[in-house]
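A note on names: the letters A, B, ... follow the listed sequences, proteins ahead of strands, and every chain is numbered from 1. Model, not experiment: these values are computed from the prediction.
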There are 2 protein chains.
Amino acid sequence: MQKIIQHSDLSKPVYDRLKQMIEEGELSPGQKLVQEKLAQDLGVSRTPLLKALQKLQHEMMVESIPRRGMYVKKVSLQEMIDVYDCREAIESIAVRLTIERSSDTDLEKFKKVFEPFVNASKINTTRYRKADENFHDMIIELADNPVLKKMSEVSNIYKRVYQYGLIRPPEETMVEHMNIIHAIVERDIPAAEKELRNHISLSRAKLIEYQKEKSTKS
Amino acid sequence: MQKIIQHSDLSKPVYDRLKQMIEEGELSPGQKLVQEKLAQDLGVSRTPLLKALQKLQHEMMVESIPRRGMYVKKVSLQEMIDVYDCREAIESIAVRLTIERSSDTDLEKFKKVFEPFVNASKINTTRYRKADENFHDMIIELADNPVLKKMSEVSNIYKRVYQYGLIRPPEETMVEHMNIIHAIVERDIPAAEKELRNHISLSRAKLIEYQKEKSTKS
DNA sequence: ATTCTGTATTTTGTATTCAAAAATATCATT
DNA sequence: AATGATATTTTTGAATACAAAATACAGAAT
């Protein structure tokens, strides 16, 4: 029996594809998205394309200037810092809810995420990046709060922080991740919150550092 | 000279009107939104209506079941509690940013919001509710963080908490508001954060109380 | 009377069409 | 050659058209 994938909503695969294209730089920041052309490229009409673009606009991946057009959002260093402020807020609550609401077996899953890197001599940054994303997504998911989930979708742009490369080397963040995970598994809410806030604010501090470098250089 | 309001985007006024209709109960929770009918009532075609509905969907004001239709979101007590968890996260960061980034004159504006109620013998709940909304919106606005602003739009549904009536009487929350404002004006970040967290978590606690009452009653 | 089934109607999701605005190209004038 | 006015093309935003799915309904079978 063949599994028939029904797309009751064409905008969904279009959305997924566009998101991928933006994340992978196939569509570059600032680029204008000409609707008719893009729709043709993706093999759909403008209607489902527009629906997908509106979702991306909501997630701050694209920008719309009325009567002008839609553009791939340029993410400035300042906005990246803004995202990190939000993530600290969102994820520190999320980790609390996660611990409160999850089973031991669910919490154990966190250990698995960074396992491939614990004894690795050389860490593959792409894989590590994915694990990092996965880790943060898990916290949001297990928090089991639909409003929080929606909010975190807004800061999806954070996934584009890597346009600046990894902010800090895995060797540095790995320890922090392990500390957070330890606190989660031990169900130590204050410790988990503290470690997570620390982790995020160290990255934010690094971004602020870059920002200062940039401004003094020019 | 007459002021001509240009709508370069028809979905904007449609969005505003729909939001109002939902907030004021003109469209009731769970109600199906038949597109053709609604579009006719609002005097537009389905295209701008759909755009507005999609925005409202992102803000969790309406729900979409593919191939079935759009419905006014029912907000359960649990979801209201979820919103309060998010608001505590969002607004405590927001108040920090507000203090960091605002001028004295901007901060002074907070005093004005609850001024009409300081010596009032009997507080008009509708007006107080508006002031409360206004107060929280101001914190988000002055925080001057576009990502945070977008996120707080998601929890717009919180404005519908009043479907359960005011959670706590003005006499109780008024003091808390004054404490927060005092800390803000004094630029005391830790105090402002603490007071705000306290204020929100007391309301959340009240909601949890209601939830327990409800479950024991049935 | 109640459940089942096939048909008609409604409604959604997508494509297409159309008008108006914006961008671009063309041409004249200096 | 540079500037500015005008015409042309492109593109957006809104309306409409259309196909497919969901729903409502009527009549048949139990």
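Atom OH in A:Tyr71 sits about 10 Å away from atom C1' in C:dA23, given to the nearest Å. Computed from coordinates, the B:Leu50 CG to C:dA15 P distance equals 14 Å when rounded to whole Å. If you measure from atom CD of B:Gln54 to atom P of C:dT14, you get 10 Å, rounded to the nearest angstrom.
Between A:Phe117 and A:Tyr128, the ring planes are perpendicular. Angles over 60° get that label, and only those under 30° would be called parallel. The aromatic rings of A:His177 and A:Phe135 stand perpendicular to each other, their planes meeting at an angle above 60°, with 30° marking the opposite boundary.
In the model, B:Ser201 has no side-chain atom that pairs as donor or acceptor with a side-chain atom of B:Tyr84 under 3.5 Å.
Nucleic acid contact for B:Leu38: none, since no nucleic acid atom lies under 4.0 Å from a heavy atom of the residue. Using a 4.0 Å heavy-atom cutoff across all strands shown, A:Lys37 reaches no nucleic acid atom at all. Residue contacts for A:Leu49: at a heavy-atom cut-off of 4.0 Å it reaches no nucleic acid atom on any strand shown.
A close approach under 4.0 Å does not occur between any side-chain nitrogen or oxygen of A:Arg46 and OP1 or OP2 of D:dG13. The side chain of B:Ser45 places no N or O atom within less than 4.0 Å of a non-bridging phosphate oxygen (OP1 or OP2) of D:dA14. Within the structure, every side-chain polar atom (N or O) of B:Gln35 is placed at least 4.0 Å from both OP1 and OP2 of C:dT10.
Both A:Thr47 and A:Arg68 lie close to DNA chain D; mapped to their nearest nucleotides by heavy-atom distance, the more 5′-ward contact belongs to A:Arg68.
Summarising the local packing, CZ of B:Arg127 is surrounded by 12 or fewer heavy atoms from other residues, nucleotides or ligands at distances under 6.0 Å.
Set against C:dT14, C:dT12, D:dT12, the side chain of A:Lys32 has D:dT12 as its closest nucleotide.
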